[in-house]
Chemist: 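I have a structure here, written as structure tokens, and I will follow up with some questions on it.
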Amino acid sequence: MNNYHITSLSFIISVPLPHCAAIPPHVLGANALGATMLDLKLLQRQPEIVEKALCDRNSPMRVEEFTALDERRRALLAESETLKAERNSASAEVGKLKRTGGDASAIMERMGAVNARIKVLGEELEGVQTAQNDWMLSVPNVPHTSVPLGKSEEDNPVLHTWGQVPTFSFTPKEHWELAETLGGLDFDRGAKLAGSRFTVYWGWAARLERALASLFLDIHTREHGYTEVQPPLMVNRKTMTGTGNLPKFEEDLFKMEAWDYFLIPTAEVPLTNLFAEEILEESMLPIGLTAHTPCFRSEAGAYGKDTRGLIRQHQFSKVEMVRFAHPERSFDELERMRGHAEALLQRLELPYRVITLCTGDMGFASAKTYDLEVWLPGQNKYREISSCSNCMDFQARRANIRFRPAGGGKPEFAHTLNGSGLAVGRTLVAVMENGQQEDGSVVLPKALVPYMGGQEFILPQQR
RNA sequence: GGAGAGGUAGCGAAGCUGGCCGUAACGCGCCCGACUCGAAAUCGGGUUAGGGUUAACCCCCUACGUGGGUUCGAAUCCCACCCUCUCCGCCA
């Protein structure tokens, strides 16, 4: 599941509210939920669609807040623009009079009063527009019609499972227990150097992390058609806003104290914003980008969760996939990208399942999300290892990412997708736990052996 | 860090002694048409985005890196900031 879901709200609103009344099917047709999502026009003309989306997401926001601001804004705009038109024509008149030697003092005096009124209107308008803009930046994406309704992660249906859950003749250990004899993962020194949720990797563990990332990048670039990118690991406020991490989720991020820079919580942020404020050619689509980067998350609100081991760290590495797609093909691209993530787990022979996130569990920017969950024998359960989302035009609107249609015509917003392929630290955990033997050693998946210099096992005596 | 140059449509670029210059000169690209069997070349026309109003058109407002200021009126004058390029210094 995505880290930006609104868990804190799911227990505030636990019963269906009156405004959640059913929407007629024709209103929710593909057309209505297409490229105009969270467009000003959609909010103005079909507010009931957004209202239902907010309800399905358990969001406390109400469209009527927007509507009130929008009506006030338009009233102020109408008066202000009328006065500005008057001023423009009067100024042209002054220009003419000055050239012909006429007297313009009467007009200039009248414009003094007009300007004063424009200024007053402008100040109120600015306040209203700021409030409206804040609302727009805080409203989550509208879930796609194919997303199952639900309140929380309990309601996420399983799409399919792959592989056999392994059986052991002994009680399988968690990865941090294995590391007690295998070494490699140094939680104590990680805490000494930085604090809790930081880990030092030694020897085989450091190499395994590198091997996994290399394998993933090689498969994506050679077999799945992605272009490898090395982006900045710190980005500015505008970039964070483009993907939807700001303004709502600042507390989840690490921020530089003296600079307005943030450490990226995922490579999705720099990769998606690569084409911000740009107009692409339709022939360039779809674009696939991949990057292996560290990710930094404050994990605010995760106190007491996954405190041991590598599952939840302040710093972890991830290979990310980002795709830019034509609006008509973005859901095909989502299926394709999910396949790219699944291919990695299959290559590593790790059992997993795919779930579809329900409306109440989806991330802020997403219109539809699949989570891949890998089997962890030590925990005896499936744990998230990848999250693949179609954000449709939600991020593209924020970041202004457009493409020009092949036949010419006005630029349209592209659709953006992102997915982990995969979270490297968690994959390392899965490799350890699924490959463990009774003597505490670990058998490595065949696909990894060439990347480990021919090494097939991790043995206790290794350093 | 020092010195200088620059930021104007999809791209290049003019304007920068304030008004007749922003649906923005000029060139490229793109679209439509003419010519052609067809194409190239040539010729003619068209081609910014966002918002308000509207059934739609018309019309109106805003935008010349960003934010302020002066003025009846700012691409143009003033102030601050951001970014790019060149040279110098420093540095893995």
Side-chain angles (χ1 to χ4, degrees), chain A residues 35-46 66-137 230-242 246 256 258-262 270 273-285 287 324 393 396-414:
Chain A
T36 56
M37 207 163 288
L38 289 208
D39 180 11
L40 208 52
K41 295 277 187 297
L42 177 78
L43 278 159
Q44 288 167 349
R45 292 173 187 177
Q46 297 182 293
F66 166 85
T67 307
L69 288 166
D70 195 51
E71 280 168 7
R72 183 64 188 148
R73 178 186 130 256
R74 286 195 277 183
L76 289 166
L77 213 47
E79 186 181 353
S80 163
E81 288 189 355
T82 305
L83 292 176
K84 282 182 178 177
E86 187 184 339
R87 180 177 69 186
N88 285 347
S89 60
S91 293
E93 190 64 25
V94 170
K96 252 182 231 164
L97 286 170
K98 295 236 165 168
R99 270 195 306 282
T100 56
D103 177 21
S105 58
I107 298 176
M108 285 162 69
E109 192 177 333
R110 186 160 55 83
M111 283 307 105
V114 169
N115 275 334
R117 180 64 184 156
I118 288 175
K119 194 175 179 193
V120 169
L121 290 169
E123 278 161 8
E124 192 187 346
L125 186 60
E126 195 180 330
V128 171
Q129 277 177 333
T130 301
Q132 189 178 9
N133 199 40
D134 288 350
W135 192 93
M136 296 281 284
L137 286 174
Q230 275 208 32
L233 305 178
M234 287 188 263
V235 299
N236 58 32
R237 187 169 288 272
K238 182 165 191 267
T239 299
M240 279 294 181
T241 305
L246 289 178
M256 299 296 109
W259 303 72
D260 204 21
Y261 290 157
F262 299 85
N273 280 286
L274 268 178
F275 299 119
E277 309 293 336
E278 293 189 34
I279 299 174
L280 305 165
E281 293 301 325
E282 180 177 340
S283 58
M284 295 166 75
L285 301 176
I287 297 171
F324 299 86
D393 63 355
R397 281 180 192 286
R398 292 173 154 245
N400 201 19
I401 304 163
R402 294 174 294 173
F403 71 93
R404 195 173 294 284
K410 294 217 173 196
E412 294 177 39
F413 290 111

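The basis for the numbers below is simple: all heavy atoms, side chains too, and nothing from hydrogens, waters or symmetry mates.
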Chemist: Can you tell me the Watson-Crick or wobble partner of B:C81, both distances under 3.5 angstrom?
Modeler: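 With both distances under 3.5 Å, B:C81 matches B:G65.
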Chemist: My understanding is that a pair needs two contacts under 3.5 Å, Watson-Crick or G-U wobble. By that rule, which nucleotide pairs with B:A55?
Modeler: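 Result: none.
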Chemist: Would you mind telling me which residue lines up with the more 5' stretch of RNA chain B, A:G112 or A:I279, judged by nearest nucleotide?
Modeler: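 That would be A:I279.
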Chemist: Provide a list of protein-nucleic acid N or O atom pairs under 3.5 angstrom, restricted to nucleotides 27-29 of chain B.
Modeler:
none

Chemist: Closer than 4.0 Å, any side-chain N/O of A:N115 to the OP1 or OP2 of B:G73?
Modeler: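 For B:G73, OP1/OP2 do have a side-chain N/O of A:N115 under 4.0 Å.
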Chemist: Output the rounded distance in Å from CD1 (A:I118) to P (B:C60).
Modeler: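 One finds 16 Å between P of B:C60 and CD1 of A:I118, rounded.
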Chemist: Is there a Watson-Crick or G-U wobble partner for B:C90 with both distances under 3.5 Å, and if so, which one is it?
Modeler: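 Looking at the geometry, B:C90 pairs with no nucleotide.
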Chemist: Would you mind classifying the nucleic acid contact of A:L77 as base, sugar-phosphate or nothing, using non-hydrogen atoms under 4.0 angstrom?
Modeler: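 Contact class for A:L77: sugar-phosphate only.
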Chemist: Reading nucleotides 61-71 of chain B 5' to 3', which nucleotides get B (base under 4.0 Å from a protein heavy atom), which S (sugar-phosphate only), which -?
Modeler: BS---------
Chemist: Any non-hydrogen side-chain atom of A:D260 less than 4.5 Å from a side-chain atom of A:N236?
Modeler: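 No, every pair of side-chain atoms sits at 4.5 Å or beyond.
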Chemist: Rounded to whole Å, how long is the line connecting atom CG of A:L121 with atom P of B:G51?
Modeler: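 Whole-Å distance recorded here is 21 Å.
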Chemist: Tell me whether the side-chain N/O atoms of A:R74 come closer than 4.0 Å to OP1 or OP2 in B:U53.
Modeler: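 For A:R74, the contact criterion (side-chain N or O under 4.0 Å from OP1 or OP2 of B:U53) is met.
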Chemist: Once you apply the 3.5 Å cut-off to both distances, tell me the Watson-Crick or G-U wobble partner of B:C30, or none.
Modeler: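 Base partner found: B:G46.
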Chemist: For A:F262, enumerate each residue passing the ring pair (Phe, Tyr, Trp, His ring centres under 6.0 Å) test, keeping only those at least two apart in sequence or located in another chain.
Modeler: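 Partners of A:F262 by the ring pair (Phe, Tyr, Trp, His ring centres under 6.0 Å) criterion come out as none, since no residue qualifies.
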Chemist: Whole angstrom is fine here: how far is it from CG in A:D260 over to P in B:C81?
Modeler: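 After rounding, the reported distance stands at 17 Å.
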Chemist: Run the side chain to side chain contact (heavy atoms under 4.5 Å, CB included) check on A:M136 and A:R397 step by step: do they pass?
Modeler: CA-CA 11 Å; A:M136 296 281 284; A:R397 281 180 192 286; over 6 Å; no
Chemist: Quick one: A:R402 CZ to B:U48 P, roughly how many Å, whole number?
Modeler: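 Computing the A:R402:CZ to B:U48:P distance gives 13 Å.
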Chemist: In whole Å, I'd like the distance from the CD atom of A:E281 to the C1' atom of B:G10.
Modeler: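 Nearest whole value for this atom pair: 8 Å.
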Chemist: Atom CZ of A:R237 and atom C1' of B:C82: how far apart are they, to the nearest Å?
Modeler: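 One finds 16 Å between C1' of B:C82 and CZ of A:R237, rounded.
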Chemist: Distance check needed: B:A49 C1' versus A:F413 CZ, whole Å only.
Modeler: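 In whole Å, B:A49 C1' lies 11 Å from A:F413 CZ.
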Chemist: Nearest whole angstrom, please: distance from the P of B:C83 to the CG of A:N236.
Modeler: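 Going from A:N236 (CG) to B:C83 (P), I get 10 Å.
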Chemist: Produce the list of close N/O pairs, under 3.5 Å, pairing protein atoms with atoms of nucleotides 16-20 of chain B; give distances to one decimal.
Modeler:
from: B:G19; atom 1: O2'; to: A:R99; atom 2: NH1; distance (Å): 3.4
from: B:G19; atom 1: N2; to: A:S91; atom 2: O; distance (Å): 2.5

Chemist: Using the side chain to side chain contact (heavy atoms under 4.5 Å, CB included) criterion, which residues pair with A:E86? Sequence neighbours excluded.
Modeler: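 Scan of A:E86 (side chain to side chain contact (heavy atoms under 4.5 Å, CB included), adjacent residues dropped) gives A:L83, A:R110, A:M111, A:V114.
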Chemist: Can you find a heavy atom in the side chain of A:L43 that is under 4.5 Å from one in the side chain of A:W135?
Modeler: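 Sidechains of A:W135 and A:L43: in contact.
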Chemist: Would A:T130 and A:N133 count as a side-chain hydrogen bond (donor to acceptor under 3.5 Å, both in side chains) here? Give the steps.
Modeler: CA-CA 5 Å; A:T130 301; A:N133 199 40; over 6 Å; no
Chemist: Does any donor atom in the side chain of A:T67 or A:D70 lie under 3.5 Å from an acceptor atom in the other side chain?
Modeler: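 Distance-only check fails for A:T67 and A:D70.
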Chemist: Above 12 or not: heavy atoms from other molecules or residues under 6.0 Å from CD of A:E126?
Modeler: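 12 or below, so no.
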Chemist: Would you compute the distance between atom OG1 of A:T241 and atom NZ of A:K238 and round it to the nearest 0.5 angstrom?
Modeler: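 Interatomic distance, A:T241 OG1 to A:K238 NZ, rounded to 0.5 Å: 9.0 Å.
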Chemist: To the nearest 0.5 Å, what is the distance between CZ on A:R402 and CD on A:E278?
Modeler: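 Nearest 0.5 Å value for the CZ-CD distance: 11.0 Å.
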Chemist: So what does A:Q44 touch, heavy atoms closer than 4.0 Å: a base, only the sugar-phosphate, or nothing?
Modeler: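 The answer is sugar-phosphate, as A:Q44 gets under 4.0 Å only of primed atoms, P, OP1 or OP2.
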Chemist: Give none if B:C37 has no partner; otherwise give the nucleotide forming a Watson-Crick or G-U wobble pair with it, both distances under 3.5 Å.
Modeler: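 Across all strands, not a single nucleotide pairs with B:C37.
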Chemist: Side-chain polar contacts of residues 90-98 of chain A - donor-acceptor pairs under 3.5 angstrom, sequence neighbours left out - could you list them?
Modeler:
from: A:S91; atom 1: OG; to: A:R87; atom 2: O; distance (Å): 3.0

Chemist: Rounded to the nearest 0.5 Å, what's the gap from CG on A:L76 to CD on A:E123? Could you check?
Modeler: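 Spacing of CG (A:L76) from CD (A:E123) equals 12.0 Å.
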